[in-house]
K.L.:
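Below you will find the structure I want to go over with you.
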Amino acid sequence: MLEVRSVQPLDRYWLRLTLSNGDVVERDVEAVLRGPLFAPVREQRAVFEAAFVDGGTVAWPGEVDIAPETIIWDGPEPVAAPAHPPQRLKIRVVELN
């Protein structure tokens, strides 16, 4: 499974990630920064920019993180995953009824 090795906050809610296979990808995570747990990350630019790598994924102070399969693939890692995830991806949230 691919993991995040480094993270760099960009404009708005974009992050540049270096992955364990050497790929560098960019992700817009605005859609997943919902609810009270993510409020500081969403509402305070300094907190968003304090992103760091923890356990192969992106995390923020306060024990807040995004699952690595979500931030890399925007869902579960494909069974027959391509060698490289998409270069640029806007993460989406699927609403369950």
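Residue indices begin at 1 and follow the sequence shown. Atoms considered below: every heavy atom in the structure, side chains included; atoms not considered: hydrogens, waters and symmetry mates.
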K.L.:
Looking at Val47 and Pro61, what are the two nearest heavy atoms and their distance?
P.N.:
O-CD, 4.4 Å

K.L.:
Among all residues two or more places apart in sequence or in another chain, which pass the salt bridge (Lys or Arg N to Asp or Glu O under 4.0 Å) test with Asp65?
P.N.:
none

K.L.:
Within the distance-only criterion (no hydrogens, no angle test), does the side chain of Arg27 pair as donor or acceptor with the backbone N or O of Ile72 below 3.5 angstrom?
P.N.:
yes

K.L.:
Mind checking ring pair (Phe, Tyr, Trp, His ring centres under 6.0 Å) for Tyr13 and listing every partner two or more places apart, or none if nothing turns up?
P.N.:
Phe48

K.L.:
Is it true that Asp28 and Arg12 have a side-chain N and a carboxylate O under 4.0 angstrom from each other?
P.N.:
no

K.L.:
How long is the straight-line distance from CG of Leu15 back to CD of Glu30, given to the nearest 0.5 Å?
P.N.:
11.5 Å

K.L.:
List the atom of Pro68, the atom of Gly56, and the distance in Å for their closest heavy-atom pair.
P.N.:
CB-O, 3.8 Å

K.L.:
Report the residues that fulfil side-chain contact (heavy atoms from CB on, under 4.5 Å) with Ala39, sequence neighbours left out, ordered by chain and then residue number.
P.N.:
Arg42, Glu43

K.L.:
According to side-chain contact (heavy atoms from CB on, under 4.5 Å), who are the partners of Ala67, at least two apart in sequence or on a separate chain?
P.N.:
Glu69, Thr70

K.L.:
Apart from Leu10 itself, what residues make up its hydrophobic cluster, given side-chain heavy atom links below 4.5 Å?
P.N.:
Trp14

K.L.:
Apply side-chain contact (heavy atoms from CB on, under 4.5 Å) to Val53 and list each qualifying residue two or more places apart in sequence or on a separate chain.
P.N.:
Val4, Val7

K.L.:
Does Val64 have any side-chain contact (heavy atoms from CB on, under 4.5 Å) partners at least two apart in sequence or in another chain, and if so, which?
P.N.:
Leu37, Phe38, Val41, Trp60

K.L.:
Sequence neighbours excluded, which residues qualify as salt bridge (Lys or Arg N to Asp or Glu O under 4.0 Å) partners of Arg5?
P.N.:
none

K.L.:
Heavy-atom distance under 4.5 Å between the side chains of Leu89 and Val25, does that happen here?
P.N.:
no

K.L.:
Which atom pairs, one a donor and one an acceptor, fall under 3.5 Å between side chains of residues 16-24 and the rest of the protein, sequence neighbours left out?
P.N.:
residue, atom, partner, partner atom, Å
Arg16, NE, Glu26, OE2, 3.0
Arg16, NH1, Gln8, OE1, 3.3
Arg16, NH2, Glu26, OE2, 2.7
Thr18, OG1, Ser6, OG, 3.1
Ser20, OG, Glu3, N, 3.0
Asn21, OD1, Asp23, N, 2.9
Asn21, ND2, Asp23, OD2, 3.3
Asn21, ND2, Ala83, O, 3.4
Asp23, OD1, His84, ND1, 2.9
Asp23, OD2, His84, ND1, 2.6

K.L.:
With a 4.5 Å limit on heavy-atom distance, are the side chains of Val58 and Phe52 in contact?
P.N.:
no

